[in-house]
Amino acid sequence: MTGDTAAETGWAKINLALHVRRRRADGYHDIETIFAFADFGDGLAVRAADDVTLTIAGRFGAGLPVDGGNLVLRAAAALAEACGIKAGAALALDKRLPVASGIGGGSADAAAALRLLNRFWNIGADETALRAIAATLGADVPACVGSRTQRGDGAGERLRALADDDLRGKSVLLVNPGLPLATGAVFAAWDGIDRGPLAEGPPLAAAQAGRNDLEAAAVSLCPAIGTVLGALDGFGASLSRMSGSGATCFALFDLPSDAQAARAAIAAAYPDWWVAAGRLH
Ligand SMILES: C[C@](O)(CO)[C@H](O)COP(=O)(O)OP(=O)(O)OC[C@H]1O[C@@H](n2ccc(N)nc2=O)[C@H](O)[C@@H]1O
Ligand SMILES: Nc1ncnc2c1ncn2[C@@H]1O[C@H](COP(=O)(O)OP(=O)(O)OP(=O)(O)O)[C@@H](O)[C@H]1O
């Protein structure tokens, strides 16, 4: 028995800090990161159907695959296979987050699909089981399953929940210059220098003392990121930086009014950019 309809959100992922420690023999990189999530993201809805299908709408929906190349359908197939079930689902994705932009859009969608279909198909898998399936879909997907503040090690899949008292109630602004950036290309452009570990302790303090080691590589491939970082200056943010492999940059604010003032000023100065404000999730 499945429900009739259900919905989930693929929350936008933010890397508050991202230290790249070494290039591995398998082509991946060992990283140390602090994941946080915004309270907005892509919408994913499902209704009963005989087969598994996907339709896509939304500002950033054009050009995304609607076949097995889409992470939503890959997640559905991986879940069905892991649980040995054969069930249908008509999935509808509202693509609100920019694609290939460092805020885990596809990863967030894949994780939302796992949570949604776990419910819709009455599977009852726990978060640990969903994370194991998620790890087969991409480095960021396990963190997106819980979508809470976490420390990530390894390729990002070794996760530890963080007490997020110093982040509570913070407002967040995300800004993207409208240029896609492929994660693999940014890692490939990293200069290979280990600049040291990410501190332990409260996540905001650790992030403030930390870095995004992919920033220089990403700016070299997409100089507009430098303009975005400059545009985020001067609004009183407690932290502003690039997220993930870029090109999206974030800023954290104590006051929602400061985030909204920055959002309005940047949107007016750069009408082609994607600018979104909300709270941490
Ligand atoms: C940059 C981050 O977003 C930070 O959270 C993640 O490390 C990347 O996560 P993701 O987009 O889910 O990455 P995947 O789809 O698994 O990998 C895309 C490509 O990025 C590179 N990659 C990714 C993760 C990692 N730790 N080292 C890498 O070198 C690999 O070339 C890989 O082929
Ligand atoms: N549902 C989806 N949403 C976005 N991209 C998808 C999706 N399914 C497949 N893709 C493909 O994945 C690639 C981008 O993935 P994603 O949006 O996760 O990157 P990202 O924003 O750079 O994430 P990260 O923060 O991990 O770097 C694109 O090439 C896109 O075609």
Side-chain angles (χ1 to χ4, degrees), residues 8 10-38 41-44 54-77 91-114 134-145 150-159 174 176 179-190 192 198 212-215 217-218 221-222 225 241-250 274:
E8 267 287 342
W11 310 104
K13 169 220 75 167
I14 304 155
N15 299 93
L16 297 184
L18 174 56
H19 290 207
V20 185
R21 303 300 308 280
R22 92 189 163 92
R23 193 166 273 142
R24 305 191 321 206
D26 65 1
Y28 273 72
H29 293 74
D30 280 334
I31 64 169
E32 295 163 1
T33 188
I34 297 169
F35 291 107
F37 292 84
D42 292 337
L44 185 66
L54 175 66
T55 55
I56 305 181
R59 174 169 170 188
F60 296 105
L64 275 185
V66 286
D67 59 9
N70 197 293
L71 279 156
V72 169
L73 290 180
R74 287 185 50 209
L91 293 155
L93 176 65
D94 183 5
K95 193 73 205 170
R96 303 172 192 138
L97 301 176
V99 174
S101 74
I103 50 175
S107 311
D109 295 351
L114 293 177
T136 68
L137 299 167
D140 272 345
V141 188
C144 292
V145 168
Q150 294 156 92
R151 157 101 184 202
D153 288 82
E157 81 293 350
R158 246 170 41 225
L159 298 170
L174 297 180
N176 180 280
L179 301 163
L181 203 48
T183 303
V186 177
F187 273 106
W190 174 59
L198 176 60
N212 182 336
D213 286 333
L214 293 179
E215 210 167 272
L221 298 172
C222 178
I225 294 167
R241 177 172 289 162
M242 190 182 84
S243 177
S245 52
T248 306
C249 300
F250 68 89
W274 175 77

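Atoms within each ligand, like the ligands themselves, are counted from 1 in listed order. Below, each value reflects all heavy atoms present in this structure, side chains not excepted, and no hydrogens, waters or symmetry copies.
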Worksheet entry | Atoms in ligand 1 flagged as close to Ala155, the criterion being non-hydrogen separation under 4.0 Å |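 Atoms satisfying the 4.0 Å criterion: 26 (N).
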Practice prompt. Using a strict 4.0 Å cut-off to heavy atoms of Asn15, name the atoms of ligand 1 that fall inside it.
Written response: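 Those atoms are 4 (C), 5 (O).
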Worksheet item: Does any N/O atom on Lys13 come nearer than 3.5 Å to any N/O atom on ligand 1?
Response: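 The answer is yes, given that Lys13 and ligand 1 share an N or O pair closer than 3.5 Å.
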Discussion item. Any nitrogen or oxygen of Thr33, side chain or backbone, less than 3.5 Å from one on ligand 1?
Written reply: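 Between Thr33 and ligand 1, no N or O pair is found under 3.5 Å apart.
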Worksheet item: Is the closest N or O pair between Leu71 and ligand 2 shorter than 3.5 Å?
Response: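 So ligand 2 has an N or O lying under 3.5 Å from an N or O of Leu71.
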Worksheet item: For atom 1 (C) of ligand 1, which candidate among Phe187, Tyr28, Phe35 holds the nearest heavy atom?
Response: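 The residue whose heavy atom sits nearest atom 1 (C) of ligand 1 is Phe187.
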Fill in: Any Ala100 heavy atom less than 4.0 Å to ligand 2
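The answer is yes, since Ala100 has a heavy atom less than 4.0 Å from ligand 2.
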Discussion item. Measuring from non-hydrogen atoms of Lys95 to any atom of ligand 2, is the shortest distance under 4.0 Å?
Written reply: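 Checking ligand 2 against Lys95, which is what was asked, there is a heavy-atom contact under 4.0 Å.
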Worksheet item: Does Ala139 approach ligand 1 within less than 4.0 angstrom via side chain, backbone, both or neither, non-hydrogen atoms only?
Response: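 Looking at Ala139 and ligand 1, atoms from backbone and side chain both fall under 4.0 Å.
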Discussion item. Give me the residue, atom name and distance of the protein heavy atom closest to atom 13 (C) of ligand 2.
Written reply: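 The protein heavy atom lying closest is Val99 CG1, 4.6 Å.
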Worksheet item: Should the proximity of Thr248 to ligand 2, defined as any heavy atom under 4.0 Å, be assigned to the side chain, the backbone, both, or neither?
Response: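 For Thr248, no heavy atom sits under 4.0 Å from ligand 2.
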Worksheet item: Applying a 4.0 Å heavy-atom criterion (strictly less than), which segment of Asn70 is in contact with ligand 2: side chain, backbone, both, or neither?
Response: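 Asn70 to ligand 2: contacts from backbone and side chain alike.
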Worksheet item: Hey, is the main chain of Ala112 close enough, under 3.5 Å, to the side chain of Glu8 for a donor-acceptor pair?
Response: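 A pair under 3.5 Å: no.
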